[in-house]
Protein chains: 2
Amino acid sequence: MAEMHGGENLLFLTDEQLRQGIEAMFFAYRGFTADPDRILATMAYGRAHHRAIHFIARSPGTTVNNLLAILGVTKQSLNRVLRTLIEDGLVESRVGTTDKRERHLTLTESGAALERKLSDAQRARMRAAYRAAGPQAVAGFRQVLEAMMEPDLRRRYHAIRETDT
Amino acid sequence: MAEMHGGENLLFLTDEQLRQGIEAMFFAYRGFTADPDRILATMAYGRAHHRAIHFIARSPGTTVNNLLAILGVTKQSLNRVLRTLIEDGLVESRVGTTDKRERHLTLTESGAALERKLSDAQRARMRAAYRAAGPQAVAGFRQVLEAMMEPDLRRRYHAIRETDT
DNA sequence: ACATTAAGTCAGCTTTGTTGACATTCCAAG
DNA sequence: CTTGGAATGTCAACAAAGCTGACTTAATGT
């Protein structure tokens, strides 16, 4: 491979560079979840509830199975979270009309309120980071993240853009 | 706010853009941990063990307290992980020479072997993502991640570069 | 001497993941 | 039309990995 001069495709990928990327990812993810975690800690919810709420908000009427595939946990695990959210009146579960096995999930008024609170906090940090880094950096950030996803999740991620569920 | 034409500092930060960044971060982190997780699942270890091993490998001779601060967990939680690693002969704990209260942690030969196995897998994905996205994207990726960290962790992250501990 | 720090331990709890067993609903093959 | 299997969701029990609080031991610093 001829990769030694600064062209488009150069490999400046020493193990050290990669290790720094790995650690950056680790530390950044902590920052990424820090604000919602702080809010959630004051109530009886955790990060799993946040994830469920987030994806229900994004795709109102989504089914449990759908959520399962996105979140990548077992249905039993998701069910526990969902049950508390439903009991507490944050999420509504309606039996499907065409297929009565399915449950369609939507946020209630108070569920939407919590969602806003959590995502406002998370977006604020994201916005600050984007501003600090600038538009070009943001584009690169997105490209690398996408390349890092597992293929099936990348497809899901793209599917989100316009169509839902 | 006058943010409608493409200057250097333009705010293209719609809530939708930010939400996509949030989801990209979520999906990418899954990919980021997928390979090591698969390896770890075949043995009696989890992600917590991986993190400990990683940071001991990076700073051989580091103390428990140091690790605690980097990982952001309680000592009880770390201790559980560390104890199994020491019992299994992957990590060595030596009493400090200047301060005998401290324990200095290093990887044994087999600990280093596992570390290599795990980080090879993780680096391979990182390398692939970096290659796919290109050098400029990588620079942006790193900038945004840094901006997203909590200040104290950002300091730690920087401290890593040359100096240790 | 005494307070502080580093490390470790024990007990008990919470969150969030897992498997296994099971009920309900749907659909398609016989 | 029935019936057997697939899909969907629920309940129970367990495991990993976090947490708090209380405590011990040893070494350090004042």
Side-chain angles (χ1 to χ4, degrees), chain A residues 26 29-30 33-34 36-56 61-88 91-105 165, chain B residues 26 29-30 33-34 36-54 56 61-88 91-106 165:
Chain A
F26 171 69
Y29 200 78
R30 291 257 297 277
T33 56
D37 281 358
R38 261 190 289 272
I39 295 171
L40 291 159
T42 68
M43 26 192 128
Y45 298 129
R47 211 177 281 179
H49 298 85
H50 181 196
R51 291 197 285 260
I53 287 174
H54 173 101
F55 285 105
I56 293 172
T62 189
T63 64
V64 173
N65 234 6
N66 239 294
L67 217 46
L68 239 39
I70 289 171
L71 297 176
V73 296
T74 59
K75 63 183 170 174
Q76 294 89 331
S77 191
L78 175 58
N79 197 258
R80 190 197 301 121
V81 167
L82 239 31
R83 190 167 47 218
T84 69
L85 290 174
I86 291 168
E87 275 168 9
D88 297 352
V91 168
E92 199 184 356
S93 167
R94 273 187 309 253
V95 172
T97 50
T98 66
D99 188 335
K100 285 177 197 152
R101 290 173 302 182
E102 294 179 340
R103 300 297 131 91
H104 295 276
L105 305 168
T165 301
Chain B
F26 172 69
Y29 199 77
R30 290 257 297 278
T33 56
D37 280 357
R38 261 189 289 273
I39 295 171
L40 290 159
T42 69
M43 24 193 131
Y45 299 129
R47 212 176 281 177
H49 299 87
H50 181 195
R51 291 198 285 260
I53 287 174
H54 173 99
I56 292 171
T62 188
T63 64
V64 172
N65 238 2
N66 238 296
L67 216 46
L68 240 39
I70 288 172
L71 296 176
V73 298
T74 59
K75 66 178 171 178
Q76 294 92 328
S77 194
L78 175 58
N79 200 257
R80 190 196 299 125
V81 167
L82 237 31
R83 192 165 46 216
T84 70
L85 290 174
I86 291 168
E87 276 168 8
D88 297 353
V91 168
E92 200 185 354
S93 168
R94 273 190 310 254
V95 172
T97 50
T98 66
D99 188 335
K100 287 176 195 150
R101 289 172 304 181
E102 296 180 337
R103 299 298 132 90
H104 296 277
L105 305 168
T106 47
T165 299

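Everything quoted here is computed from the prediction, not taken from an experiment. A, B, ... follow the sequence lines: proteins, then strands. Residue 1 opens every chain.
Looking at heavy-atom distances under 4.0 Å, A/Arg80 makes contact with a base. Across all strands shown, A/Ala41 has no heavy atoms under 4.0 Å from either base or sugar-phosphate atoms.
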side-chain contact (heavy atoms from CB on, under 4.5 Å) between B/Val91 and B/Val81: does it pass, once the steps are laid out? CA-CA 11 Å; B/Val91 168; B/Val81 167; over 6 Å; no
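Although no hydrogens or angles enter the test, the distance criterion places no donor-acceptor pair under 3.5 Å between the side chain of A/Arg94 and the main chain of A/Gly61.
The outermost nucleotides of DNA chain C lying under 4.0 Å from heavy atoms of chain A, listed 5' to 3', are C/dT15 to C/dC26. With a heavy-atom cut-off of 4.0 Å to chain B, the contacted part of DNA chain D has its first and last nucleotide at D/dA17 to D/dT28.
In this structure the side chain of A/Phe55 never reaches within 4.5 angstrom of the side chain of A/Thr62, judged on heavy atoms. Within the 4.5 Å cutoff, no side-chain heavy atoms of B/Leu105 are placed close to those of B/Asn66. Side-chain contact between B/Arg103 and B/Val95: present, with at least one pair of heavy atoms (C-beta onward) separated by less than 4.5 Å. At least one side-chain heavy atom of B/His104 sits less than 4.5 Å from a side-chain heavy atom of B/Thr63.
Residues from residues 93-105 of chain A with heavy atoms under 4.0 angstrom of DNA chain D, sorted by number: A/Arg101, A/Glu102, A/Arg103.
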Can I get a per-line list of side-chain donor-acceptor pairs under 3.5 Å for residues 43-53 of chain A, giving both atom names and the distance, sequence neighbours left out?
| from | atom 1 | to | atom 2 | distance (Å) |
| --- | --- | --- | --- | --- |
| A/Tyr45 | OH | A/Asp88 | OD2 | 2.3 |
| A/Arg47 | NE | A/Asp37 | OD1 | 3.3 |
| A/Arg47 | NE | A/Asp37 | OD2 | 3.3 |
| A/Arg47 | NH2 | A/Thr33 | OG1 | 3.3 |
| A/Arg47 | NH2 | A/Asp37 | OD2 | 2.6 |
| A/His49 | ND1 | A/Gly46 | N | 3.0 |
| A/His49 | NE2 | A/Thr84 | OG1 | 3.3 |

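Applying the side-chain hydrogen bond (donor to acceptor under 3.5 Å, both in side chains) test to A/Asn65 and every residue at least two apart in sequence or in another chain returns nothing. Residues passing the ring pair (Phe, Tyr, Trp, His ring centres under 6.0 Å) test with A/Tyr29, sequence neighbours excluded: A/Phe32, B/Tyr29.
Across the interface with DNA chain C, nearest-nucleotide mapping of B/Lys75 and A/Met43 shows B/Lys75 to be the residue nearer the 5′ end. Nearest-nucleotide positions on DNA chain C for A/Ala44 and A/Gly72 put A/Ala44 closer to the 5' end.
Residues B/Val64 and B/Leu78 approach most closely at O-CD2, 4.0 Å, considering heavy atoms.
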